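One structure is given below, encoded as structure tokens.
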Amino acid sequence: MNVDVFTLFPQAFDWYLSQVHIRNAVELGHTVRLTNYRDHTPLSHLQVDDTPYGGGAGMVLRIDVVCAALEAVFPGNAERARDGRRVVELTPKGRQLDDALAAELAGQDLVLLCGRYEGIDERVTHLVTDRVSIGPYVLSGGEVAAMAVLDAVTRKLPSVISNPESVVSESHSAELEGGAEYPHYTRPAEFRGWRVPDVLLSGNHGEIDRWRALQVGKG
Ligand code: ADE
């Protein structure tokens with residue numbers, strides 16, 4: 001899977017991309033490349049945004065800037081970036097990210113377009129295959145949302161997570177029919193009077209499986 005992220009703030013991804021599961025993915029041959037729209041703007045003074053037609057608050061990321069950045073990375077017409085790729089605009093107006101969408105995107109080549117300010121000029125719809133939101137609230141930009149998409153999608157790639165079982169039946173997965181996973185506990189068995197359920201200390205794996213199934217409403 002090759003992922004291209006377009007952003008005005010590539011440095012926002014530094015910590016995230018250094019995390020172990022992303023490093024695992026890169027070792028397996030997956031790639032994540034960051035492109036700063038500003039590095040490719042055709043406008044003077046490194047301009048990337050402009051005031052909205054019709055008036056109103058805030059600034060809008062210009063469509064000519066987005067096209068120039070896409071065309072710098074994928075030579076040819078920016079609309080063709082969709083050939084063989086999912087081109088995703090991160091926007092609060094998009095389809096809400098869930099486990100099914102993460103599974104659908106996993107393994108495909110992705111282009112993630114982050115907006116800032118009031119977002120990207122609406123004509124970005126000519127360039128994208130998907131518009132994705134990470135929830136019904138407005139963030140200051142698409143960077144956090146792009147990281148959420150990357151994180152949810154990367155966990156679905158075979159061998160990226162060291163114990164693949166932990167992914168199959170985690171919360172919101174099809175395996176758990178969208179429900180929450182059973183609760184987890186670790187040492188100490190008792191802390192400030194808060195006890196771990198006795199069954200988990202019993203060593204009886206049949207009982208433990210039954211208890212876990214009960215917790216997720218499958219018992
Ligand atoms: N950009 C701003 N808010 C967002 C959201 N909720 N989801 C995705 N991208 C966004």
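Whatever order the structure lists ligands and atoms in, that order sets their numbers, starting from 1. Below, each value reflects all heavy atoms present in this structure, side chains not excepted, and no hydrogens, waters or symmetry copies. All figures in this text were calculated on a predicted structure; none of them were measured in a lab.
An N or O contact shorter than 3.5 Å links I134 to ligand 1 by distance. On a distance-only criterion, V138 and ligand 1 share no N/O pair closer than 3.5 Å. On a distance-only criterion, V132 and ligand 1 share no N/O pair closer than 3.5 Å. Considering both main-chain and side-chain atoms, Y137 comes within under 3.5 Å of ligand 1 through a nitrogen or oxygen pair.
Inter-residue side-chain proximity for V153 and K156 is flagged as unmet; no heavy-atom pair is nearer than 4.5 Å.
Tracing side-chain contacts under 4.5 Å through hydrophobic residues (I, L, V, M, F, W, Y), one never reaches L8 starting from V60; they form parts of separate clusters. Cluster annotation: V32 is connected to L90 through the hydrophobic network of ILVMFWY side chains, with a link wherever side-chain heavy atoms come within less than 4.5 Å.
Protein heavy atom closest to atom 3 (N) of ligand 1, with residue, atom name and distance, is L139 N, 2.9 Å. Residue, atom and distance of the protein heavy atom nearest to atom 10 (C) of ligand 1 are P92 CD, 3.6 Å.
A donor-acceptor pair under 3.5 Å is formed between the side chain of Q47 and the backbone N or O of D49.
Atom OH of Y137 sits in a crowded spot, with more than 12 heavy atoms from other residues, nucleotides or ligands closer than 6.0 Å.
When all heavy atoms of G84 and D109 are compared, the closest pair comes out as O-CB, 4.0 Å.
The shortest separation from a heavy atom of G135 to ligand 1 is under 4.0 Å, placing the residue in contact. Proximity of G141 to ligand 1 is established by a heavy-atom distance of less than 4.0 Å.
Taking a cut-off of under 4.0 Å to the non-hydrogen atoms of L90, the atoms of ligand 1 that pass are 8 (C), 9 (N).
A side-chain donor from one of H21 and D151 sits under 3.5 Å from a side-chain acceptor of the other.
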